[in-house]
Amino acid sequence: MEQKPSSRPFDLLNDAINKEVLIVLKGDVSIRGTLKAFDAHMNIVLENAAELLNGDQKTKYGKLILRGDNILLISP
Amino acid sequence: MEQKPSSRPFDLLNDAINKEVLIVLKGDVSIRGTLKAFDAHMNIVLENAAELLNGDQKTKYGKLILRGDNILLISP
Amino acid sequence: MEQKPSSRPFDLLNDAINKEVLIVLKGDVSIRGTLKAFDAHMNIVLENAAELLNGDQKTKYGKLILRGDNILLISP
Amino acid sequence: MEQKPSSRPFDLLNDAINKEVLIVLKGDVSIRGTLKAFDAHMNIVLENAAELLNGDQKTKYGKLILRGDNILLISP
Amino acid sequence: MEQKPSSRPFDLLNDAINKEVLIVLKGDVSIRGTLKAFDAHMNIVLENAAELLNGDQKTKYGKLILRGDNILLISP
Amino acid sequence: MEQKPSSRPFDLLNDAINKEVLIVLKGDVSIRGTLKAFDAHMNIVLENAAELLNGDQKTKYGKLILRGDNILLISP
Amino acid sequence: MEQKPSSRPFDLLNDAINKEVLIVLKGDVSIRGTLKAFDAHMNIVLENAAELLNGDQKTKYGKLILRGDNILLISP
């Protein structure tokens, strides 16, 4: 595979550290927040996060750990 | 990856020991309680825990073990 | 991680041997019974167990093996 | 862990060989039959088995293999 | 475990080679056909298979591969 | 196990290369197409594929990769 | 298996780098975008992506990471 290392999924996550991301979980839950950290299981730490319902903020969280297992997509 | 160790998901859990956390499980179950312990599977021990329904306490538990598999998010 | 071994999830299970526990499974099934044994997959043996429906006993079981996979939470 | 080997989940299964057991699968399927064998994945062989619907026998099976993955509980 | 090797789940499958079996999959799909082969994941090859709906044949298949993951039970 | 190698599930897939197959996925999705390749996870490559709805072609795909995880059955 | 390496599922993905793909996720979510990268778990990076609802663009994403676990099919 001739991909440059910088283009792989976890590199894109690394580039998004300290930036705002949108994460969609299984079960139609969307979370927006600042990406602070992740690990090899794609477990995610967000700060200043908010659960979104139809685009509106529903619940706010200072810090948040999301389990990688249940993540559908991440948009940096 | 240039993250400092202190920012990773399990470090954030470790920092939350003896503090109150909110945990959302699959199947729309929310639990609030004092984080007492966890292991590498993200199995969690809470004390003075309560299942929440629309923000109200539904069931109280002195101690509680939650399986990591079914955890959607943890908010320290 | 600076936790004392005695505070980890499986230690709490071990302390609950021969005591009554409440176990909530996926699919909204709750079981109460005396914890007799468990293994590393969190498979559980209960005695004098009863499935609960809205707090009432629905089905009684002398002995019961629960698969760890399907356990949401255990309250010792 | 100070449990005697005889109390573990797979030992209880072993003690139930040739006895009648009730098995509840995911998806609200209950099966009663004589336990003939099992393996390390908790795959189960039953004889003279019947699927139960509200306590009545719905479908009878001379022999039956159940996948361990989908088992919620086993009552010996 | 004092079981004779001939009684284990995969042995029962092996004995059913070239015989008719009924297989119930997750999602309420039942398939009847002649068992031709299987592997260690319980992936199954059937011949002259038919999907059943309320006991009637709905779709016929000359040959069929079923993924072991999604199998609830097999009745030889 | 006394099966000849030629009868195993992956051998049947290999024999179906360049032939038309019907694949049923979890969630009631059926796909018909020419089998071009597969790997050890049962990930599948189809050409000239079409998603079927009640036997009619709903969506056509020139090429298609299907994840093995979500495959219920394959009919060569 | 006599397949040429160029025909395997991950090779087809590699050939689709920098081209537009359609990805269908579990839970009836379809995403269209330019494939930029993937890894061995079939985690995917898309650019200029859009979630589709009945063929219309619903939500646009500059960049997107999709977890391989939840992918049903990919059409290059």
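Reminder, nothing fancy here: chain letters follow the sequence lines and each chain counts from 1.
When heavy atoms are compared at a cutoff of 4.5 Å, F:Leu13 approaches chain E by way of both its backbone and its side chain.
By the side chain to side chain donor-acceptor pair (under 3.5 Å) test, F:Asn43 is found to be paired with F:Asp39, residues two or more places apart in sequence or in another chain being considered.
Contact annotation: the side chain of E:Ile65 never approaches that of F:Phe10 to less than 4.5 Å [non-hydrogen atoms, C-beta and beyond].
Using a distance-only test at 3.5 Å, with no hydrogens or angles considered, no donor-acceptor pair links the side chain of F:Arg8 to the main chain of E:Ala37.
In terms of heavy-atom proximity, E:Leu64 sits nearest to F:Pro76 at N-CD, 4.2 Å.
Chosen from E:Leu66, E:Ile71, E:Asp69, the residue pairing most often with chain F at heavy-atom distances under 4.5 Å is E:Leu66.
Rounding to the nearest 0.5 Å gives a distance of 8.5 Å between NE2 of E:His41 and CE of F:Met42. Taking CG of F:Asp15 as the reference point, atom NZ of E:Lys63 lies at 7.0 Å (rounded to 0.5 Å). We find the CD1-CG distance between E:Ile44 and F:Leu12 to be 12.5 Å, quoted to the nearest 0.5 Å. To the nearest 0.5 Å, atoms CD1 (E:Ile31) and CG (F:Leu73) are separated by 5.5 Å.
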Pair F:Lys26, E:Asn70 - check side chain to side chain contact (heavy atoms under 4.5 Å, CB included), show working. CA-CA 9 Å; F:Lys26 287 186 204 172; E:Asn70 298 309; 3.1 Å; yes

